[in-house]
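We name chains A, B, ... by the order of the sequence lines, and we start the count at 1 in each one. Only a predicted model underlies this, so the values are computations on that prediction, with no experimental measurement involved.
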Amino acid sequence: SVVKRAVAEVAQHDKVPHPVGFVPPPPPCPGKIRHFKI
Amino acid sequence: VPAAPPAPLGCDDPESEAAAEVAVSYINGHSHHGYKFALNRIENIRVLPQGPNNDIIFLELDLLETKCHILSPTPLANCTVRSFTEHAVEGDCDVKLQKLDGKLSVLASKCHSHADSSEDIIRLCPDCPLLARLNNTEVLTTVTAALSAHNSKTTDAYLRLLEIGRANIQYHPVRTVFVEFAVAATNCSAAEAKDNAEACQLLPDDQSNFGFCTASKAIHPSRDLIVDCQLYGHQVPTPDIPFLSRPGVTYSQGQDTS
C-alpha cells in the first residue's frame, strides 16, 4: 500500500547532508569579547 | 523580482565596529565624571533603513571602565582596561545613531554602569581589594590626608579636590585603603595657600590645569600614606562639553547618561 511519509521524515531523508567538516557560521550577535566578561 | 533585503549586520562586521567606535567616543566625550570606558563587546545591532543612504542604527554595547579619568588627555587606545582583580566596572549602553550619506552621528545614548559582584572577586581572589562606597569614612579621611600631604610638599600650585573617582579597601593581609581622585590647580602656590587656602580659586577654563592623584594608606597596622599626583597640563576645553566645574563632586556607579 502506498503510504504518505511524514514531511519531517521526507525532509530528513531528502535534506542535503552538510559536507564533512562543515562549520555553521557564528551567530551574527553578540560579537566577540575584547577583554573579559564580568 | 524585488532585490533581496540586505543580510542583517553581524556584530563583528566592520560597519558595526565603526558605529561602535563613534558611539564610545561620543559617550566618553559627553561624560563629566569618573573614567573613560572602552568597548568590550557589541551585544546587538539593528539597522532601520529610512531611505536612500539614510539608516537609523540601534547599538547595544558592553563597555569596561579604564584607568583613565575622564579628564585625562590620554587617548582611549592607550587607556588600560581595569582588570577583573581590580574590581572591574561594566557599562551597558544603548545608543541610537544615524548613518546619512555614509556619515555616522549619535542621536541619543543611555548608559548604566555597575561594578562586578564582590562575591565573584572574593571567590577567585580572596585578598583582592574591593570597591568601597565613595562616602566611606576611611575613604574620605585618606583622600583628605593625601591631598593635604601633597599640598604640604609640592612647590607647584595648590591643588583642590574635583572628585573622588574610585576607592578600594583591601582587608587581608593588611587593611589598606586605595583611593583615586581628580584635582585641579588653583591660582595659589602651595606656599601662599598656607596663609589663606580659602582664597585659592580654581583657574578659569582658558587656563585650567587638571590632574589625577592615587594614594594608599595601610590602616592596621598603620603605615605611611603613599601619594602620587600628576597634573595633565593645560588642555584647550572643548566648547560644547563643559569641563567639571563643581569641585568635590563624587562619581557614583550607575549614573545614567542620556
Worksheet item: Quick one: does B:E43's side chain have a donor or acceptor within less than 3.5 Å of a partner on B:R41's backbone?
Response: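 No, B:E43 side chain to B:R41 backbone: no donor-acceptor pair under 3.5 Å.
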
[X] and [Y]: which non-hydrogen atoms are nearest, and at how many Å?
X	Y	result
B:R82	B:K67	NH2-CA, 3.8 Å
B:P73	B:K36	C-NZ, 4.2 Å
B:V24	B:F37	CG1-O, 3.5 Å

At a 4.5 Å cut-off on heavy atoms, which part of [X] comes close to chain A: side chain, backbone, both, or neither?
X	answer
B:I45	both
B:D62	side chain
B:E17	side chain

Practice prompt. Please determine which of B:E180, B:R166, B:H69 meets the side-chain hydrogen bond (donor to acceptor under 3.5 Å, both in side chains) test together with B:Y35.
Written response: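 Going through the options one by one, the only one that passes is B:E180.
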
Discussion item. Pair B:I122, B:L130 - check side-chain contact (heavy atoms from CB on, under 4.5 Å), show working.
Written reply: CA-CA 8 Å; B:I122 293 171; B:L130 298 176; 3.7 Å; yes

Worksheet item: How far does SG of B:C229 sit from CZ of B:F212, to the nearest 0.5 angstrom?
Response: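 Output value for this atom pair is 9.5 Å.
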
Discussion item. side-chain contact (heavy atoms from CB on, under 4.5 Å) for B:F84 and B:D116? Distances and angles first, verdict last.
Written reply: CA-CA 8 Å; B:F84 169 81; B:D116 194 1; 3.0 Å; yes

Discussion item. Please identify, among B:I42, B:V81, B:N40, the residue contributing the most non-hydrogen atom pairs under 4.5 Å to chain A.
Written reply: B:N40

Worksheet item: Just checking heavy atoms, which of residues 169-177 of chain B are less than 4.5 Å from chain A?
Response: none

